[in-house]
Peer 1: 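Just dropping this structure here.
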Amino acid sequence: MAAQVPRTAADSQPALGTAPYDHAHHVKYQDGELVWAAQGGDIEQPQGRVKRDDIVVVLKAPEGTPGYLIYSLAEAPEGEQPFKLSVLLAPQLLEEPLAEFLLADMPAHLAVQASHLLHVIVSTRSGTGQATAFFDHVLRPLLAALGLEAHTEPDHPAVPGSYRVSATQSPRTVRDFARSLGAVGTSGATSVSGNGKGSNVPAALTIVLLSGDGGVIDLLNGVGSSSSAAPPTVALLPLGTGNALFHSLHKPLYSAAEVAGASGQSPLVLGLRTLLRGASAPLPTFRASFSPGSRLVAAPEGIKAAVVAEDGDGDGDGDAHASDDEHDHPPIDHLVGAIVASYGFHASLVWASDTTAYRAHGAKRFGMAAAELLKEAHAYAATVAVRRPGSTEEELLLAPDSLNKPRKEFTYVLATLVSSLERAFTISPASRPLDGQLRLVHFGAVDGERTMDVMRAAYRGGEHVGMRWTTQTQSDGGKEIEDGVGYDAVDEVRVTVQEPDPRWRKVCIDGTIVELEDGGWMAVARSAEQRLRVLVDPSVL
Ligand SMILES: Nc1ncnc2c1ncn2[C@@H]1O[C@H](COP(=O)(O)OP(=O)(O)OP(=O)(O)O)[C@@H](O)[C@H]1O
């Protein structure tokens, strides 16, 4: 299906909601910008400019109108209108920079038909709460330009050209939606409406998710592991705070300066380009297993509900009368993740910053909680065993000052499948999008200043890897020895904690906090299950 802008009978302009467009007579590309002048205007004194970085897509104008429509996004996060989708009708297609943005055909993952549905989820509380504005002012008009119209009714039939949009109403919305998918792609499946009537039998589903990492993790844990179903494909539009998965999948498209914190290419523009021209690939996931007695102590409601639902009443023994504590802190034996599993400073920070008192400080809460933790500089008592790629043997991470003795104190133990926890925080510089390799970043007990140095180096594009320092041995007369940040590719990692105080027995899996028992463990390994597929820029495949 050609991605031409449909004409409406009432209007000779392209059907683009109410958005007007500019009509260029001359266009020229210079210094990373498209400059244009209207009829009678002088191109040397352009009337308008479109930065190449802001171009989302180029569509052929509707039949009868010669030229091309250039869609670009302008953002003003603090402004009254945070997003503006602009359209410029240009008389010809300039090879540079426009050819690569031309969408000649409707991508298969957006082509709605009985066997393939499209669902947009707007997570209203993600990030700074701008997902709704982004949908209204950008995504809806853009999809309309492709001939796709939104509907909100659960029982709407799957007709070509119409997609369903839903906004989150509570922390459980995404997970409930994921669970309602049941067996999309299996015979006798229910429709994505979740009405259970089996009215539509979609073979495939694309979900456009306007959220941060939390939305993805809710989907991941909500869809379950139906082996026969075709996993839904997720298109991410990064409207959360950290957006670790999105930034990691798009890292090769950022410049080194952007990875080290400079502004520049808008992630939302990249997200829209991937939505329109991306390719779908399996999303690598890991399984974090926990020793008996482990409890979920802080989690987004969606995850909590999924854990409780798996166990009926959530207490792990089928007893219908779980205690309050068991409801608040249900037992848990595993979680599925896609980003990070950690113990030590990272897990404590996620846990400590999530109190009502800290939450009142908004995004500053992480800095405040970090300052407190760094002051304490707790040495986390644990042993860490890894299984290296291809090996069947577990080996303990060793202390630098002893012959084959395991390291017994850590500040940082973090296993990840992605490169970046924020766009500018490169925790695992060797990780490539979709490579599916778990990598472990770790270092021993150090003071707060050293931990800050390591974190700052991670904000400089991942320079913490390879950092070395000297430390004094506990034994051996306080001899000076070399230590530093460890960084290993692993197939599996097992952290066993030896901490009497539960405060230091927290582990973090993609934002969810689990408390282990003293002597308990967390084991993290790549999962073979395919729960979701994800759209990525074709260049990263
Ligand atoms: N309408 C709503 N009412 C209550 N909670 C909501 C609502 N919509 C979304 N949420 C919750 O808000 C959280 C948003 O998390 P999400 O990860 O998307 O954003 P974030 O935390 O800002 O970003 P990131 O995880 O990337 O740093 C989720 O836990 C989700 O369940």
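Every number for a ligand or one of its atoms is a count from 1 in the order of the listing.
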Peer 1: Which atoms of ligand 1 are found less than 4.0 Å from any heavy atom of Gly215?
Peer 2: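 Matching atoms, with element in brackets: 18 (O).
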
Peer 1: Can you tell whether the side chains of Asp447 and Arg450 come within less than 4.0 Å, N to carboxylate O?
Peer 2: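 No, this pair does not count.
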
Peer 1: Can you confirm whether the side chains of Ser72 and Ser86 place a donor and an acceptor under 3.5 Å from each other?
Peer 2: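 Side-chain D/A pair, Ser72 to Ser86: absent.
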
Peer 1: For Ser420, does its backbone N or O pair with a side-chain atom of Ser248 as donor and acceptor, under 3.5 Å?
Peer 2: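 Yes: the side chain of Ser248 pairs with the backbone of Ser420.
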
Peer 1: May I ask which of Arg125, Arg175, Glu422 has a heavy atom nearer to atom 2 (C) of ligand 1 than the others do?
Peer 2: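 Shortest heavy-atom distance from atom 2 (C) of ligand 1: Arg125.
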
Peer 1: Below 4.0 angstrom from a heavy atom of Asn243, which ligand 1 atoms are there? Numbered from 1 as shown, please.
Peer 2: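 This gives 26 (O) as the contact atoms.
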
Peer 1: Could you name the option among Pro171, Ser126, Ala131, Gly214 that has the heavy atom nearest to atom 18 (O) of ligand 1?
Peer 2: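 The nearest heavy atom belongs to Ser126.
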
Peer 1: Walk me through whether Leu516 and Phe290 qualify under side chain to side chain contact (heavy atoms under 4.5 Å, CB included).
Peer 2: CA-CA 7 Å; Leu516 306 177; Phe290 312 107; 4.0 Å; yes

Peer 1: Are Leu249 and Leu535 close enough that some pair of their side-chain heavy atoms sits under 4.5 Å apart?
Peer 2: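 Leu249 does not reach Leu535 side chain to side chain.
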
Peer 1: Taking N or O atoms only and a 3.5 Å limit, does Gly127 qualify as a polar contact for ligand 1?
Peer 2: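 Checking ligand 1 against Gly127, an N or O pair does fall under 3.5 Å apart.
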
Peer 1: Using a strict cut-off of 4.0 Å, indicate which atoms of ligand 1 neighbour a heavy atom of Gly240.
Peer 2: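 Reading through ligand 1 atom by atom, the close ones are 19 (O), 22 (O), 23 (O).
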
Peer 1: Should you measure from each heavy atom of Ser211, which atoms of ligand 1 turn up under 4.0 Å away?
Peer 2: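 Answer for ligand 1: 18 (O).
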
Peer 1: Pairs of nitrogen or oxygen atoms closer than 3.5 Å, one from Ala244 and one from ligand 1: do any exist?
Peer 2: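 N/O-N/O distance below 3.5 Å does not exist for this pair.
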
Peer 1: Could I get the full list of side-chain hydrogen bond (donor to acceptor under 3.5 Å, both in side chains) partners for Glu515, not counting sequence neighbours?
Peer 2: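 By the side-chain hydrogen bond (donor to acceptor under 3.5 Å, both in side chains) rule, Glu515 matches Lys506.
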
Peer 1: In this structure, does ligand 1 have an atom that sits under 4.0 Å from one of the heavy atoms of Asp218?
Peer 2: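 Yes; Asp218 lies near enough to ligand 1 that a heavy-atom distance drops under 4.0 Å.
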
Peer 1: Specify side chain, backbone, both or neither for Arg172, according to which of its non-hydrogen atoms lie closer than 4.0 Å to ligand 1.
Peer 2: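 The answer is neither.
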
Peer 1: Is the shortest heavy-atom distance from the side chain of Met467 to the side chain of Asp453 under 4.5 Å?
Peer 2: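 Touching, per the 4.5 Å side-chain cut-off.
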
Peer 1: With ring-ring contact (aromatic ring centres under 6.0 Å, His included) as the test, would you mind laying out the steps for Phe177 and His119 before giving the verdict?
Peer 2: CA-CA 10 Å; Phe177 163 75; His119 195 132; 4.5 Å; yes

Peer 1: Which of the numbered atoms in ligand 1 are under 4.0 angstrom from any heavy atom belonging to Thr168?
Peer 2: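 Contacts of ligand 1 toward Thr168, numbered from 1: 1 (N), 7 (C), 8 (N), 9 (C).
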
Peer 1: Check salt bridge (charged side-chain N to carboxylate O under 4.0 Å, His left out) between Asp435 and all other residues, then give those that pass, not counting sequence neighbours.
Peer 2: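 If we apply the salt bridge (charged side-chain N to carboxylate O under 4.0 Å, His left out) test to Asp435, skipping adjacent residues, the hits are Arg439.
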
Peer 1: Out of all atoms in ligand 1, which are within 4.0 Å of some heavy atom of Ser123? Include the element for each.
Peer 2: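 In order of number, 8 (N), 9 (C).
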
Peer 1: Among Asp510, Thr124, Thr241, Asp213, which residue places a heavy atom closest to atom 1 (N) of ligand 1?
Peer 2: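 The nearest heavy atom belongs to Thr124.
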
